[in-house]
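Structure, as structure tokens:
Throughout, a chain's letter reflects where its sequence line sits, starting with A, and its residues are numbered from 1. Computed from a predicted model, the values in this text were never measured in an experiment.
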Amino acid sequence: MNPINSKKTPLTFDTIEPGTGLAAALTKSRADIIGEVAASNLRGRGGAGFPTGTKWNLAAAARVGEGHSKYVVCNADEGEPGTFKDRVLLLDYADLVFEGMTIAARAIGATKGILYLRGEYVYMRPHLDGVLERRRQAGLLGAAILGTAGFDFDIEIRMGAGAYVCGEETALIESLEGHRGEPRNRPPFPVDTGFLGQPTVVNNVETLASVAAILSKGAAWFKAIGTERSAGFKLFSVSGDCTDPGVYEFPLGITIAALLAKVGGSNAKAVQIGGASGQCVPASQFGRTIAFEDIATGGSIIVFGQGRDMLHVAKNFMEFFVEESCGQCTPCRAGNARLLDGIERLERGECSTTYLSELLALCETMQLASKCGLGQSSPNAFVSIVTHFQDELLGRTAAQAH
Amino acid sequence: MSGEVKAGEDTSRAPRSQKIQQIPAMGDVSQMIGGQITVNIDGQDVRVPMGTTLLDAAKLVGVRIPTLCHHPDLCVAGVCRVCVVEVEGQRALQAACAFPVTGSLKVKTHTRKVRQARRHVLDLLLSTHYGECYSCKRNNNCELQALAKEYGVDFYRFGHVTESQYPKDESSYSVVRDMDKCILCRRCVRTCIDVQEVGVLEAVGRSNKTRISTYLDKPLGDVVCINCGQCINRCPTGALHANDTSDEVWRAIDDPKKHVVIQTAPSPRAGIGECFGLEPGTPMTYQLNTALKLAGFDKVFDTNFTADLTIIEEGTELLLRLYKALVKKEEVAFPQFTSCSPGWVKYLEHFYPEYIPNLSSAKSPQQMFGAVIKTYYAKLNNIDPKDIVTVALMPCSAKKFECNRPEMADSGVKDVDYGLTTREMAQMIKERAASWKPRCARSSNWCAASRSRNCSNTRTSSPCAGLRACATSSCRSPP
Amino acid sequence: MLVSQQQKLQDDIRSLVGTHGRTRAALMPVLQDLQRKYSSVSDFAMQVVADELGIHPAEVYGVVSFYAFLHHEPRGRFQVRLCQTISCDLASKARVARQLENELGIAFGQTTPDGRFSLEWASCLGMCDQGPALLVNDRVYTRVSPEQVHQIIEDCRRVFGAHAVQQVHA
Ligand SMILES: Cc1cc2nc3c(=O)[nH]c(=O)nc-3n(C[C@H](O)[C@H](O)[C@H](O)COP(=O)(O)O)c2cc1C
Ligand code: SF4
Ligand code: SF4
Ligand code: SF4
Ligand code: FES
Ligand code: FES
């Protein structure tokens, strides 16, 4: 097997005929395209879950500077630990992704698209360049797309360079502009002040592919899947201690237990949902559902088997954040380092309960006062592990230390 | 220098951080009920124009929000997070300095969450802040210290570094960088890039390895820093300060063999009052002269004298150039530029070297003064130039660099030995003239009596008359 | 650096700027292409790039030092990056790491004295279902076991060898 391919279950995306979504979109007015997306209740698949229709509406209404253009950016920075569904989409369903971008462009009136591909995925470049070229030949990109006068749009691929934080949309834009990948203050939001100061829609790979599916099959079809507040199907990247890791599709609202049963991980001790920035759910709570109203996620599921040392897990996550914080704001730059410190103290069995609660208070500050989503979510894993596995963490002896 | 720029290409170095903060114009503001919005801050309503930051809005109703990375001269950064406030309806706290008001808001500025966050931010900054306040240049004048006090920091909640992490960079004659005390507010970066457009300082590395540094972490003395000292002015802590040579000056003063001469530029005379609690701009010429004499300088002169010399020299040079160009039809660089600012000169040398021929070859007043003292004055008073120490009291740190430029020693000895800034001089006065100061520092009016025109004569030709008059008559009044 | 090499580097940068545009937004693509071709963005290269794009060298350095895939100090032709994040960690990346160090004779963060290999940690490579994952320049290896390490390194020496040399002299 090609090392890049992942095991995957059949996906709804297999049933979408490429091109049908765009064709349907071109029969609609711009407002109607956005209306369709809004009606589907599609929420961003990148993690934050912002309603896509609303985002597009804002960008469509935003004014563009003289001689500039609006932009559609596809966020393919997929850096969240345990996430790899965007890789599968880009390799196997690139047409749907680009189609989604084209539809977005039509909807908001953008003429330029950028696929921001993480540096680690550089091996996809030839494939994606090929797809883009083919689409240009077929009149699906370029001037007057599919003969629609005045609809010009092309897509350029730009690479990341090994920075998780560049998945954050404003950091991504900073990186595109040739700066350090440091998130901006928001507001203003990218929908009115984005790339080069112009209105920019940033959407996740899966969100855009879903848009193509929605336009193809209709909002009602999409909305019928999932729950009231979390419409549609969602891809999950499953890894860790289970028999069948890979990419899965489930409707939103699935319980953790049901999901684990499907992936051969029923015997798990805990599951990390939403990657390093998500939360660690112990077996006692496997009845909870994965949906925006309960546990929201960009789709990363990491299964921890019975024998796993949760402190070691927490340490790995904190090491990740200490490595990947952009270092701009105080709570995240210094806070993550202090949390990692705390974990090392726990490892040595040198952490008092008082200090531990001091650290939990610090976690609250980080969640509230950090400048961007990274620092706001980096303490999640620490908090949930300390909350659920406290007796495993305290009073360690040297023999237990790694 | 970069190649040709084609039309439409964006090579602007204008403040980028400001550009991205721009909020697109709102259309016709007059149509929008005056473009004003009501914000409720801690229960008080205030009407502000669209786009006003919460920080400014709070100021209008007298609510003080602490800040560290914010600076009124600079574009918004929003990185220290000490100014966070609670905005109703938002899960996370918002940085008041970076949050533009675009709709009606309810804001609380000191809830439990806010106070906890501020205290934690300070605790975190202090956990990596190496150094003790009492041995710091900015003791009692430090924004971090002041906030720590304000928020009741009485122990290091998250520990404290016990070892220096960065070597002190003392390579520059003008600016000392002590990164152990840096809180990464980036005010210096924004100053150097956005305001000065020199671009020496930048954030380097990432995460907890982020540091403020120079190109390839070179010492400041080896990069294109123009020594303007603007970064020092905006640093909230002791991480940046001027390269202080007052110890050397003291040594010279205390050495009976040395004849120590000081020249004072006009600006410090108007500025030094601020160091003693007076309104900035209070004229202090005479009081300062007194103080300098009391501090032990042998002679005090006014730089104005050589400012005149410089103008004469430059004027002569211009005439000469014109003569060459118009009469002898030679190739001469025009216009002729002149600046007494060594920062400006260095900027031109680094960034516009093609204009070096346009620079006047006349020395600045500071250097001319040094040269006059070490030659003409030395001869006149029959002192060996090697025994003369010339000190310049100047408003700017670049002057320290200037007097150390290798070419500034035509006579074989350095024209000017040491440059001191206003702040350093104030420190010296406080230190040495302690017994004298209290008599002068009556109420908040330092040496107020001497503002009478008693000591009128401070012309360089006979400086001591004025000084004596000042020292004896004006400052005699008991406290 | 020899003058002729400097000249070549300068020409390269000029042509890259020609391709990507003389704007700050072109900075990342230019640096990435340089990194690919020369295995690092040298001191001299950063200055030329800054000059060409009309920005300050310190800003270029700030950018290079920010991104994990850009380096200013010389790196090996093969950048061997082992994922250190959670799923690969659960899949025993520690043993692979040990073996990589043994095979290459260097620790993480170092470059072999012959300048061929640099070994470093990476954050999640997006291969979590098939860990431990390893990225060697543009090529991914998945489910790497300690026994395979030797072969992978040998493969590099042989298979990528010609390719990499080509790249350097292209
Ligand atoms: C630290 C951080 C990393 C992120 N990484 C990604 C990512 O790799 N891919 C992604 O699509 N969104 C990522 N996001 C979310 C984006 O900021 C943004 O919300 C998303 O791209 C919007 O697209 P969506 O609405 O389609 O989900 C990240 C956010 C944060 C705070
Ligand atoms: S929260 Fe972390 S990643 Fe986000 S801006 Fe602050 S330091 Fe950077
Ligand atoms: S002294 Fe001036 S030029 Fe030098 S680093 Fe400071 S601000 Fe920049
Ligand atoms: S040196 Fe001073 S101004 Fe610059 S970042 Fe550090 S604390 Fe802020
Ligand atoms: S003062 Fe507002 S974030 Fe620093
Ligand atoms: S955790 Fe190693 S590839 Fe994702």
Side-chain angles (χ1 to χ4, degrees), chain A residues 62-65 67 163 165 170 173-174 177-188 192-194 196-199 321-342 355 358-359 361-376, chain B residues 8 10 16-17 19-25 27 51 68-69 76-84 86 90-95 97-103 113-114 116-128 157-159 183-186 202-211:
Chain A
R63 291 200 325 189
V64 64
V165 68
T170 57
I173 291 168
E174 282 285 290
E177 289 183 1
H179 295 292
R180 296 158 55 82
E182 292 170 345
R184 298 176 177 177
N185 294 305
R186 307 181 325 157
D192 55 44
T193 310
L196 302 179
Q198 303 309 314
F321 287 119
V322 168
E323 176 69 31
E324 296 295 338
S325 157
C326 84
Q328 176 182 197
C329 73
T330 316
C332 171
R333 177 186 66 240
N336 283 316
R338 294 284 77 75
L339 293 186
L340 182 57
D341 256 22
Y355 190 63
E358 207 69 271
L359 288 179
L362 173 63
C363 288
E364 187 190 13
T365 291
M366 292 167 67
Q367 286 164 333
L368 290 171
S370 292
K371 182 166 176 177
C372 87
L374 192 151
Q376 288 169 6
Chain B
D10 176 18
R16 57 160 273 248
S17 18
K19 274 196 290 192
I20 63 166
Q21 292 299 332
Q22 246 169 29
I23 299 173
L68 278 174
C69 68
V76 175
V79 296
C80 74
R81 315 306 286 179
V82 82
C83 69
V84 286
E86 216 171 309
Q90 308 239 6
R91 185 195 63 83
L93 302 176
Q94 300 294 336
C97 70
F99 196 92
V101 179
T102 51
K113 285 177 187 170
V114 169
Q116 171 179 289
R118 286 186 190 153
R119 175 70 198 266
H120 276 159
V121 164
L122 293 169
D123 284 328
L124 288 172
L125 290 174
L126 291 172
S127 75
T128 54
R157 191 186 303 257
F158 300 116
I183 57 168
L184 293 166
C185 68
R186 306 198 187 184
E202 174 61 304
V204 166
R206 79 170 180 219
S207 189
N208 61 342
K209 296 190 188 65
T210 310
R211 60 197 183 277

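Judged by distance alone, the side chain of B:Arg206 and the main-chain N or O of A:Glu323 form a donor-acceptor pair under 3.5 Å. A side-chain donor-acceptor contact under 3.5 Å links A:Asn185 to the backbone of B:Ala77. Proximity of a side-chain donor or acceptor of A:Arg338 to a complementary backbone N or O of B:Gly159 within less than 3.5 Å is not detected. Side chain of B:Ser207 to main chain of A:Val322: a donor-acceptor pair is present (N/O by atom type, distance under 3.5 Å, no hydrogens or angles). Of the possible donor and acceptor atoms, none in the side chain of B:Arg81 sits under 3.5 Å from a partner among the backbone N and O of A:Pro331.
Contacts between A:Ala361 and chain B at a heavy-atom distance below 4.5 Å involve backbone atoms as well as side-chain atoms. Using a 4.5 Å cut-off between heavy atoms, A:Arg333 touches chain B through backbone and side chain atoms alike. Only the backbone of A:Phe321 comes within contact range of chain B, with at least one heavy atom under 4.5 Å from a heavy atom of that chain. Heavy-atom distances place no part of B:Gln90 under 4.5 Å from chain A, backbone and side chain included. Proximity to chain B (any heavy atom under 4.5 Å) is restricted, for A:Ser370, to the backbone atoms N, CA, C and O. Residue B:Val84 touches chain A through its side chain alone, counting heavy-atom pairs closer than 4.5 Å. Only the side chain of B:Phe99 comes within less than 4.5 Å of a heavy atom of chain A; its backbone N, CA, C and O stay farther away.
With sequence neighbours left out, the side chain to side chain donor-acceptor pair (under 3.5 Å) criterion links B:Arg157 to A:Glu358, B:Asp123.
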Exercise. Step by step, would you call B:Phe158 with A:Asp341 a side chain to side chain contact (heavy atoms under 4.5 Å, CB included)?
Worked result: CA-CA 10 Å; B:Phe158 300 116; A:Asp341 256 22; over 6 Å; no
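We find the CG-OG1 distance between B:Leu68 and A:Thr330 to be 8.0 Å, quoted to the nearest 0.5 Å. Note that SG of A:Cys329 is 10.0 Å distant from CG of B:Leu124, once rounded to the nearest 0.5 Å.
Taking the side chain as every heavy atom from C-beta outward, B:Pro100 and A:Pro187 approach each other to under 4.5 Å.
Pairing each heavy atom of B:Val204 with each of A:Arg180, the nearest pair is CA-NH1, 3.7 Å. When every heavy atom of B:His120 is checked against every heavy atom of A:Thr365, the shortest pair comes out as ND1-OG1, 2.5 Å.
Chosen from B:Val114, B:Leu93, B:Thr210, B:Val82, the residue pairing most often with chain A at heavy-atom distances under 4.5 Å is B:Leu93. Interface summary for chain A: among B:Ala95, B:Gly78, B:Cys69, B:Cys185, the most heavy-atom pairs under 4.5 angstrom belong to B:Gly78. Note: A:Ala334 leads A:Ala337, A:Ala334, A:Gly342, A:Gly65 in heavy-atom pairs under 4.5 Å with chain B.
Using a 4.0 Å cut-off between charged nitrogen and carboxylate oxygen, B:Arg186 and A:Glu182 count as a salt-bridge pair.
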